[in-house]
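Here is the structure we will look at, set down as structure tokens.
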Amino acid sequence: MSETTRPLPSLIPLPHGGWQVNSYMSSTAYTLRGLSLIPPNKVIPVIVVPGIMGTNLRARKTPRLGRVDDERNGVAAPGRPVWRPPNGDLSGLSAARAWDRYTPRERQLLFNAATLEVDDSGPVVMPGAGDGYVLTEPEVRERGWGEVHAASYGALLYGLQTRLNQTFGFDEQGNQRFIQPHWKDVMDCDPQHWGLRQFPPLTEDHLVKHAQYYFPVYAAGYCWLQDCKTSAALLEERILQIIASWTRTRRECTKVILVTHSMGGLVARACAKRIPNHIAGVIHGVMPALGAPVAYRRTACGTEPFNPVSYPLGKLEGAGLAMVLGTTTEKTTPVLATSPGALELLPNHLYPAPWLHVRVIRFAGGAAVMNHAESRAAGGYQTKPYDALHFPNANLQNPYDLYRDLTSWFRLINPRLADPADQYVKKRRGIEAEVRAAVSTAEAFHRELGDYYHPNTYAFYGNDKAQLSFGQIRWVAFQQTSSAVTLTPANLATARYMGQSATGQRRVLVEEKSELRFAPDQQETRGDGTVPHQSGAGPAGKVKQVFATEGHDHLGAYNNEHVLMLTLRLITKIVQEIS
């Protein structure tokens with residue numbers, strides 16, 4: 001037939017196993033045909049699990065009230081958005097200005113996890129006409145698309161929904177099927193974009209098996225301030241609900257595929273450990289598998305304003321992000337210090353140690369030269385630390401002792417900055433005990449998870465010299481050669497914290513004689529701007545395959561077209577192993 005077609009609204013699964021579509025009667029003169037694509041009855045839901053700060057949060061709509069369980073947010077009214085990351089440059093500029101005005105006290109009250117819940121009313125990217133299985137806005141919201149940051153995950157959700165479910169087309173004139181162009185692009189993609197010289201080809205036979213399934217795409221947000229173990233239990237509940245919703249309509253649905261971003265990988269790993277038989281496979285994107293030193297940097301010093309290798313526009317975006325997250329430790333500490341989820345992004349016990357260093361640069365005759373604690377000669381300004389400060393906890397093999405240390409000058413958390421809203425003043429344990437309890441929760445999560453990965457797991461990470469990350473943290477100070485104090489690891493480790501300068505440097509007194517001012521050094525290693533390569537590559541040897549990718553930053557990893565094609569390719573590999 002020669003007349004064209006138009007897509008009808010999405011098909012509605014019926015309890016007896018059939019499908020329903022709603023359309024309208026028209027006159028015989030109207031020759032435009034309605035088109036509905038009937039999905040297969042074998043269903044594999046694909047669930048996107050976002051990273052930290054990738055889930056929209058709001059003040060609880062119906063908070064419980066009481067002396068102990070008071071769930072009223074201290075700033076936002078019930079049901080009002082608390083965290084909804086900006087989408088686009090203009091909204092980002094506006095958000096940066098607005099968040100920069102929030103005081104440390106207001107930030108602590110806003111981000112009180114007990115007063116928050118997932119907000120499902122955020123913006124969504126809608127599949128439209130011509131995109132195969134057309135979905136309505138109520139449908140995508142029911143699938144959780146409004147729970148996550150649209151600028152980071154909208155294109156991924158849209159791309160997976162439309163591309164996974166359009167594998168072949170049919171040429172009526174030639175009376176034969178053809179492979180859809182987006183799958184042709186995946187088949188033709190140069191593996192070098194995925195960090196490989198070669199990769200087993202995607203064949204038409206692979207796509208034939210892939211086309212036997214319907215892949216409804218979901219998003220599963222969570223309160224990222226909470227312990228990842230808590231979030232994993234909620235993800236488990238969501239997975240079982242999704243599977244049950246399809247089996248009730250007599251579809252064959254027993255397993256899901258998880259596609260994760262950043263911190264969502266930790267949540268998904270813990271969830272998969274609980275219900276491995278309900279997981280067909282997992283794809284981890286830019287996951288801080290071993291933690292990330294940037295989490296120490298942002299808690300201890302505030303958010304870094306830019307990346308040294310960024311272009312001017314990138315530096316401007318970085319400055320805006322820092323204003324949103326908090327440019328000083330006074331603004332970041334009240335949010336992060338008692339939030340186990342945030343603390344679970346710190347370098348864990350498996351991260352290569354030592355990763356915390358001290359460097360002091362001495363001035364001699366107007367020129368800066370290195371002063372090595374072991375009298376090693378130094379010629380000019382060195383980029384390597386003059387001495388690695390190895391803490392008493394066995395070279396950071398147990399970094400949680402460092403995180404629980406609230407007195408040393410190099411401490412992660414200053415308890416005096418952790419409770420500006422006086423939320424813990426009247427509580428029995430007090431703020432110091434609350435901080436240590438949160439650290440212990442993070443340690444318990446890390447040790448329980450260990451190096452577990454679902455047996456059918458793939459991972460990719462940023463390995464880009466143009467996206468420098470903190471592979472280590474280096475405290476840097478300057479000292480005049482006339483100083484009477486000879487610096488050693490011992491007297492630096494026991495130096496006394498005196499306070500912070502107006503520019504955020506830590507003022508440290510050595511042997512009660514010499515004052516030094518320490519500031520954190522810049523990013524120094526390959527990564528994605530947030531997760532360093534040594535942590536991103538952590539799954540190597542424990543999963544099916546790991547891909548070292550370039551050309552994207554951490555937040556926008558899935559907005560990269562080659563990354564999206566890799567995700568599609570890996571989903572087809574997971575499907576091949578389903579019997």
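For T441, the side chain to side chain donor-acceptor pair (under 3.5 Å) criterion is met by no residue, not counting sequence neighbours. Residues that satisfy the side chain to side chain contact (heavy atoms under 4.5 Å, CB included) test with D419, not counting sequence neighbours, are Q108, Q423, Y424, V425, I431. Listed by chain and residue number, R526 satisfy the side chain to side chain contact (heavy atoms under 4.5 Å, CB included) test with K465 (two or more places apart in sequence, or in another chain). The ring pair (Phe, Tyr, Trp, His ring centres under 6.0 Å) check on H552 picks up nothing, with sequence neighbours excluded. With sequence neighbours excluded, no residue forms a side chain to side chain donor-acceptor pair (under 3.5 Å) with S469. Residues passing the side chain to side chain donor-acceptor pair (under 3.5 Å) test with N73, sequence neighbours excluded: T115. Partners of R80 according to the side chain to side chain contact (heavy atoms under 4.5 Å, CB included) rule, which considers only residues two or more places apart in sequence or in another chain, are A76, A77. Shown here are the side chain to side chain donor-acceptor pair (under 3.5 Å) partners of H446, two or more places apart in sequence or in another chain: Y400.
The backbone N or O of H454 sits less than 3.5 Å from a side-chain atom of T457, completing a donor-acceptor pair. A distance-only check finds no donor-acceptor pair linking the side chain of H357 to the backbone of V476 [under 3.5 Å]. A donor-acceptor distance shorter than 3.5 angstrom exists from the side chain of W409 to the backbone of L492, with no hydrogens or angles considered. Between the side chain of Y461 and the backbone N or O of V531, no donor-acceptor pair lies under 3.5 Å. Between the side chain of H261 and the main chain of H554, a donor-acceptor pair closer than 3.5 Å is present. Put simply, the side chain of R436 gets close to the backbone of R404: a donor and an acceptor are under 3.5 Å apart. With hydrogens and angles ignored, the 3.5 Å screen pairs no side-chain donor or acceptor of R143 with any backbone N or O of A219. Between the side chain of W83 and the main chain of M53, a donor-acceptor pair closer than 3.5 Å is present. Without hydrogens or angle criteria, N560 side chain to G551 main chain gives a donor-acceptor distance under 3.5 Å. Here the side chain of E106 pairs a donor or acceptor atom with the backbone of T103 at under 3.5 angstrom.
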Test log, rule side chain to side chain donor-acceptor pair (under 3.5 Å), inputs R506 and S501 | CA-CA 7 Å; R506 290 193 177 182; S501 69; over 6 Å; no
Stepwise side chain to side chain contact (heavy atoms under 4.5 Å, CB included) check, Y222 with L235 | CA-CA 8 Å; Y222 55 93; L235 178 59; over 6 Å; no
Output, in order, the C-alpha distance, side-chain angles, deciding distance and verdict of side chain to side chain contact (heavy atoms under 4.5 Å, CB included) for F410 and F518.
-> CA-CA 9 Å; F410 46 81; F518 284 96; over 6 Å; no
Is there a side chain to side chain contact (heavy atoms under 4.5 Å, CB included) between L468 and E524 once you walk through the steps?
-> CA-CA 6 Å; L468 290 182; E524 87 300 331; over 6 Å; no
Where do T567 and V259 land on the side chain to side chain contact (heavy atoms under 4.5 Å, CB included) test, with the steps shown first?
-> CA-CA 8 Å; T567 306; V259 176; 4.1 Å; yes
Please lay out, stage by stage, how H562 and T549 fare under the test side chain to side chain donor-acceptor pair (under 3.5 Å).
-> CA-CA 9 Å; H562 296 123; T549 58; over 6 Å; no
How far apart are the C-alpha atoms of K61 and E117, what are their side-chain angles, what is the distance that settles it, and do they pass the salt bridge (charged side-chain N to carboxylate O under 4.0 Å, His left out) test?
-> CA-CA 8 Å; K61 285 187 175 182; E117 62 187 10; 5.9 Å; no
Decide salt bridge (charged side-chain N to carboxylate O under 4.0 Å, His left out) for D70 and R64; before the verdict, give the C-alpha distance in whole Å, the side-chain angles of both, and the deciding distance to 0.1 Å.
-> CA-CA 6 Å; D70 191 342; R64 291 179 298 178; over 6 Å; no
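Closest non-hydrogen pair, F111 versus V82, comes out as CE2-CG1, 4.3 Å. Residues L345 and P288 share a closest heavy-atom pair of CD2-CG, 3.9 Å. Minimum heavy-atom separation, R238 to G221: NH1-N, 4.3 Å. The shortest heavy-atom contact between P334 and P104 is CB-O, 3.9 Å. Across all non-hydrogen atoms, the minimal contact from Y153 to G51 is OH-N, 2.9 Å. Among all heavy-atom pairs drawn from N56 and G122, the shortest one is ND2-CA, 3.7 Å.
Distance check: D528 CG to D464 CG gives 9.0 Å after rounding to the nearest 0.5 Å. The structure places CG of L412 at 7.5 Å from OG1 of T333, a figure rounded to the nearest 0.5 Å. Once rounded to the nearest 0.5 Å, the distance linking OG1 of T303 with CE of M323 reads 11.5 Å. Remark: N398 CG to D401 CG distance equals 4.0 Å, nearest 0.5 Å. Rounding to the nearest 0.5 Å places CG of N456 at 9.5 Å from CD1 of I283.
A centroid separation of 6.0 Å or more is found between the aromatic rings of Y158 and W145. Checked against the 6.0 Å centroid criterion, the rings of Y458 and H284 do not qualify as a close aromatic pair.
Counting heavy atoms from C-beta on, the side chains of P50 and H149 never come closer than 4.5 Å. Looking at V267 and T260, their side chains never come closer than 4.5 Å, going by heavy atoms from C-beta outward. Residues N112 and L110 form no side-chain contact, since every pair of their non-hydrogen atoms from C-beta on lies 4.5 Å or further apart.
Screening residues 531-558 for salt bridge (Lys or Arg N to Asp or Glu O under 4.0 Å) gives K544-E577 as the qualifying pairs, with residues at least two apart or on separate chains. Residue pairs that meet the salt bridge (Lys or Arg N to Asp or Glu O under 4.0 Å) test with at least one member in residues 289-303, sequence neighbours left out, are R298-E304. The salt bridge (Lys or Arg N to Asp or Glu O under 4.0 Å) pairs that include a residue from residues 221-237 are K229-E448, E236-R274, where partners are two or more places apart or lie in different chains. The list of salt bridge (Lys or Arg N to Asp or Glu O under 4.0 Å) pairs with a residue in residues 326-350, not counting sequence neighbours, reads D100-K331.
A donor atom on one side chain and an acceptor atom on the other are found under 3.5 Å apart for R84 and S121.
Ion pairing between D521 and R359 holds under the 4.0 Å rule for side-chain N and carboxylate O.
Judged by the 6.0 Å distance and 45° axis criteria, R269 is positioned over the aromatic ring of Y453.
The aromatic rings of W475 and Y296 sit perpendicular, their planes meeting at an angle over 60°, well past the 30° parallel limit.
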